Amino acid sequence: MKSFDDGCAANDEFQSVLGGAHRGELIKDLLRQRIRMPEPVPNYLKRRALTEKLTAAIGPAKALFVEAPSGYGKSHALSVAFRDSDRNPETLRWLALTGQENDAGRLMALLEIALTPPGGVSRPSGQQKASSYSDALALLLSDPHWNNPEADSVLVIDNIGIVVNPAAIALLQQLAASTPQGLALVLVSRKPLPFETHTYELEGRFNRIGTESLELTRSETFDFFQTAVSRNQLTTIAVEHLYSLTEGWITPLALYQRELDFSAEARLPIQETFSVERFLRDAVLIHLTPGQQRSLRIMAEMEIVSDDLFLALADAGCDHAFRPSAAAETGIPLRPLPGRGRWFRLNPLLHDWLQTPALDGSRERALKASRWFGERNQFPEALRYALLSGDLDESVQIASEGSEALLIGQDTASLLRLRRSLPPGLLEKSARLKIVYGWVHAIGGQFRQARVLINDLDGGAHPELVGRIDAVRAFILRGEGSVDEALAVADRALQAEELSTQGQLVTQLVRSSALCAAGEFAEAREANRIAARLAREAGDAGSEILAVYAHARIELGKGSLKHAERLLRTGLDTAMNESSRPARVGETRLQLNLVMVLWHQGREVEADRLLVTCVRHAEQTRDLGLLLAMALRVLICRTQNRMDDAFAWIGRAERIMQSWQVDQSVYVPVLEALKISGWLALGQADTAAQAMERLKPWRGVNCVPEMFPMMPGMLTCLQARIELARGDDVKAAETVRGIRNNNGESLPFGLDIHSRLLESVVSWRQKGPAVAQKILATAITIAGEEHYISPFAELRGELQELLEKTWQQLPDTPFTESVGRLYGLSDMKEQAPLAEPISDREHGVLELIAQGLSNQDIADRLHISLHTVKTHARRINAKLEVKSRTQAIVRARELGLL
């Protein structure tokens with residue numbers, strides 16, 4: 001049984017636009033004409049992914065329930081999905097209900113027609129009493145045809161949410177409970193099912209497909225617009241924006257694709273196209289009363305909204321019963337926030353559309369929202385809506401009273417908007433505001449502006465602020481990548497008696513980050529423990545999340561990916577428990593580092609899905625984590641060999657950092673390193689070398705970016721790769737050795753794997769595959785413990801040929817198989833490895849044998865006796881299990897030894 005709640009209130013015009021039959025056309029005067037296969041729909045709405053989901057869901061279970069908000073194209077998506085499958089049309093019965101089916105007798109008549117076996121004759125139900133409907137349905141379901149598994153039939157009951165009559169509901173529940181073996185039941189509704197199904201789900205007889213399954217994934221969205229991209233109507237960045245804005249809402253995307261087909265020369269934003277605007281109006285608003293429409297527009301004035309917040313803002317023109325929880329139940333794409341109780345957010349496309357034009361009284365409601373959040377000590381949100389209200393006095397008061405909470409919330413965007421609104425001279429008169437905005441500019445990566453504000457406070461005029469000033473200065477130094485100086489100033493700040501608990505907490509986090517960058521992981525962990533304890537004592541959950549983030553960063557530096565993932569997921573679960581608090585930047589940082597773990601382990605699909613949310617939230621709050629998000633997007637594109645997309649993301653990141661006026665020390669080394677990696681992948685070593693020259697100022701001062709602590713070592717690795725690409729193996733060998741000499745025992749795990757892999761490439765070129773194979777095998781063994789596969793993906797160009805030659809000799813482990821799949825070598829493990837490996841000296845003799853040299857010539861070349869050469873040759877033949885020189889050469893090549 002399957003149930004499908006799609007929540008589609010599609011209007012007549014929209015159905016005609018799609019070219020399919022309107023649901024009302026399925027309801028004919030004669031009942032028999034209503035139970036049939038839906039009309040065909042246009043090809044552009046076909047969804048192979050949905051077909052696979054429905055087919056898989058119908059498999060082991062006997063029932064399916066499909067849920068989706070208004071306008072998600074349920075009936076058409078379903079009919080297309082079934083038509084795309086290999087199912088015989090005769091095995092599908094489609095029953096579309098209307099309000100008339102609240103009469104149990106009428107519903108029973110429809111079910112009797114629908115459940116008449118092929119070739120059978122339906123028996124008129126006559127004037128049966130309601131008490132006999134259950135028996136009549138049981139008789140229908142007992143027919144031998146439906147109890148034959150080979151029947152493989154599907155009954156779709158559409159619009160089940162309108163059934164409210166208890167007797168009719170009892171029939172549907174009986175049908176779900178007693179679905180025979182040869183029949184699968186698909187229930188389609190906008191509203192929740194009118195009967196309990198948990199028992200069926202636990203028994204494995206019932207599946208649900210909700211909104212998320214009806215939406216296109218990011219990769220499906222790219223496939224959907226592949227033709228438009230190939231025609232240069234859209235760029236990949238435009239498709240990314242479409243997915244972020246619609247979250248895969250297929251109907252607006254399909255209509256927009258249709259607009260592109262009809263107007264190839266001109267392109268409007270999706271929210272401004274006529275068909276999409278009309279769809280949003282007719283499919284979402286047309287079914288609401290004026291009071292409900294006003295309620296929905298007031299909800300759209302908030303980024304996220306709860307029932308309590310809505311009731312605090314609703315006016316006399318609203319339908320107070322149509323609160324967010326009630327609106328979500330009607331099928332409006334108002335999605336609950338996972339783990340946040342009764343907080344909801346609108347689909348971004350609908351959210352933006354509902355705000356134009358602005359409703360009267362929007363500024364007054366923004367001020368009410370600000371005070372509502374302020375009463376709950378949620379200062380970042382309070383400041384955001386105070387700014388929207390235009391009340392400067394309220395905004396300054398919140399910034400002054402809740403400065404520390406604002407900084408932990410890290411809503412840099414709101415604080416910077418406030419500074420632009422401050423009256424001239426106000427900032428200069430308030431030392432407290434100068435410190436606040438010193439933090440704001442530092443958090444936003446505007447270190448020069450932060451220094452100007454902090455330097456104005458030097459001179460002894462404010463001795464009570466010395467500790468706080470040093471705390472800000474330590475944060476700035478760490479952000480600029482000056483690890484040693486940051487540690488010294490942080491220690492000085494902690495010695496100040498007047499430093500607040502919040503100041504101590506942030507300073508300990510700065511120390512933890514700096515110590516982690518220096519490879520002193522034990523000391524970094526101790527500083528982080530102190531920060532976590534201070535956060536718990538202060539009851540500051542936001543700071544505690546930041547401490548979890550810092551702990552995970554330490555574990556990432558050590559290479560403990562599995563431990564880091566557990567920490568990050570635990571931190572995210574903890575953040576979700578704060579049901580009344582909107583998400584903060586600390587939570588986004590947890591998500592970003594989880595994406596990093598997933599990427600390191602080659603779990604790109606999971607990473608890709610999580611990145612979408614991270615990018616959107618970081619852009620809204622002006623969080624510098626956006627740079628990390630975009631860098632991860634570049635790395636994923638690089639791994640997938642989508643180099644055009646990778647460079648497009650680099651360009652987008654550069655433009656945003658410049659528009660945010662972020663200091664170059666924050667983003668230039670990162671983006672230039674990504675460019676170098678991309679150019680090396682494209683074989684442009686000279687261009688990569690030029691970019692490396694531009695990084696000399698940062699390399700000269702050993703800049704260690706806060707979000708990219710591995711950067712100095714990775715730049716050295718890139719330098720070695722440039723030298724390898726140019727054929728300067730000697731210089732590359734020196735560079736690779738320098739990585740270990742410069743870092744000693746504090747070498748980060750990822751950098752350790754990179755350096756070992758580069759060392760194997762250098763050894764292969766200088767000493768042959770036997771030596772390289774040993775180094776490579778060690779790197780694979782170490783990386784395999786945490787499934788740390790990202791270095792192998794990054795160095796594919798350098799390692800491909802070496803891996804092909806040494807593949808047979810590598811450890812036979814699941815991780816080795818993963819590396820083989822990455823390099824397309826999985827099928828090469830057919831030959832069994834040697835029972836005893838060829839020694840270095842034997843390998844040298846084997847190479848000379850392959851060159852056609854005689855035993856005497858080999859002896860002369862290697863300055864050894866003829867007897868020793870013959871001994872080596874016999875051992876080589878024995879190890880390769882061959883009897884002649886020719887066979888030895890052939891076998892060695894098969895094993896990749898030559």
Side-chain angles (χ1 to χ4, degrees), residues 519 521 552-569 593-607 632 635-636 638-640 710 713-714 717 736 739-740 743 745-764 769-835 837 895-897:
F521 299 120
R553 291 288 301 276
I554 295 169
E555 297 304 321
L556 272 173
K558 293 161 58 178
S560 303
L561 296 185
K562 297 172 185 176
H563 188 195
E565 181 175 358
R566 286 194 296 271
L567 283 170
L568 292 165
R569 293 194 184 277
N593 277 268
L594 181 55
V595 171
M596 187 179 294
V597 170
L598 297 173
W599 172 71
H600 280 316
Q601 294 189 326
R603 297 152 65 184
E604 293 171 13
V605 175
E606 296 177 69
L632 287 167
L635 292 171
I636 291 174
R638 163 78 173 80
T639 301
Q640 297 171 346
M710 287 176 58
M714 295 311 299
C717 286
V736 172
I739 295 175
R740 293 192 174 279
N743 290 273
E745 296 181 357
S746 63
L747 193 65
F749 186 83
L751 185 56
D752 181 27
I753 300 299
H754 270 86
S755 64
R756 289 178 186 273
L757 294 177
L758 288 172
E759 185 182 356
S760 70
V761 176
V762 172
S763 297
W764 167 49
V771 178
Q773 180 266 327
K774 293 180 180 178
I775 301 171
L776 184 58
T778 302
I780 287 177
T781 300
I782 296 173
E785 296 175 2
E786 298 285 341
H787 202 85
Y788 208 115
I789 202 170
S790 61
F792 296 85
E794 174 67 20
L795 298 173
R796 187 182 303 180
E798 289 84 358
L799 289 171
Q800 182 73 45
E801 188 175 353
L802 172 59
L803 274 167
E804 290 175 356
K805 288 184 175 294
T806 61
W807 179 243
Q808 304 292 350
Q809 312 301 317
L810 296 176
D812 191 6
T813 65
F815 181 71
T816 308
E817 286 300 314
S818 297
V819 174
R821 285 192 296 272
L822 179 65
Y823 282 77
L825 304 174
S826 297
D827 297 333
M828 291 180 60
K829 278 282 185 183
E830 298 176 359
Q831 299 285 346
L834 296 178
L895 294 174
L897 297 175

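Values in this document were obtained by computation on a predicted structure and should not be read as measured data. Heavy-atom basis, side chains included; hydrogens, waters and symmetry copies ignored. Numbers for residues simply follow the sequence, beginning at 1.
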*Could you walk me through whether Gln601 and Glu606 pass the side-chain contact (heavy atoms from CB on, under 4.5 Å) test, one step at a time?*
CA-CA 11 Å; Gln601 294 189 326; Glu606 296 177 69; over 6 Å; no

*Please test Leu799 against Ser760 for side-chain contact (heavy atoms from CB on, under 4.5 Å), starting from the C-alpha separation and ending with a verdict.*
CA-CA 9 Å; Leu799 289 171; Ser760 70; 3.9 Å; yes

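Classification of Glu786 and Lys558 as a salt-bridged pair fails, no side-chain N sitting under 4.0 Å from a carboxylate O.
In this structure, the side chains of Leu594 and Arg569 come closer than 4.5 Å at one or more pairs of heavy atoms. Between Leu803 and Leu810, the closest side-chain pair of non-hydrogen atoms falls below 4.5 Å. Under the 4.5 Å side-chain criterion, counting only non-hydrogen atoms from C-beta, Glu817 is not in contact with Thr813. Proximity of Trp764 to Gln773: side-chain heavy atoms (C-beta onward) are nowhere separated by under 4.5 Å. Using a 4.5 Å cut-off on side-chain heavy atoms (C-beta onward), Glu604 and Leu598 make no contact.
Every residue was checked against the side chain to side chain contact (heavy atoms under 4.5 Å, CB included) condition with Glu785, not counting sequence neighbours, and none meets it. The salt bridge (Lys or Arg N to Asp or Glu O under 4.0 Å) search around Lys562 returns none, not counting sequence neighbours. The side-chain hydrogen bond (donor to acceptor under 3.5 Å, both in side chains) search around Arg566 returns none, not counting sequence neighbours. Remark: His754 engages no residue in a side-chain hydrogen bond (donor to acceptor under 3.5 Å, both in side chains) (not counting sequence neighbours). In this view, Thr778 satisfies the side-chain hydrogen bond (donor to acceptor under 3.5 Å, both in side chains) rule with no residue, not counting sequence neighbours. For Ser790, the side-chain hydrogen bond (donor to acceptor under 3.5 Å, both in side chains) criterion is met by His600, not counting sequence neighbours. Residues passing the side chain to side chain contact (heavy atoms under 4.5 Å, CB included) test with Ser763, sequence neighbours excluded: Glu759, Val771, Ala772, Ile775. Shown here are the side chain to side chain contact (heavy atoms under 4.5 Å, CB included) partners of Ala783, two or more places apart in sequence or in another chain: Ile753, Tyr788, Phe792, Phe815.
Applying the side-chain hydrogen bond (donor to acceptor under 3.5 Å, both in side chains) definition to pairs two or more places apart or across chains, those involving residues 794-803 are Ser677-Glu794, Arg721-Glu794, Arg721-Glu798, Gln800-Glu804.
Ser755 contributes no side-chain N or O that, together with a main-chain N or O of Ile739, makes up a donor-acceptor pair within less than 3.5 Å.
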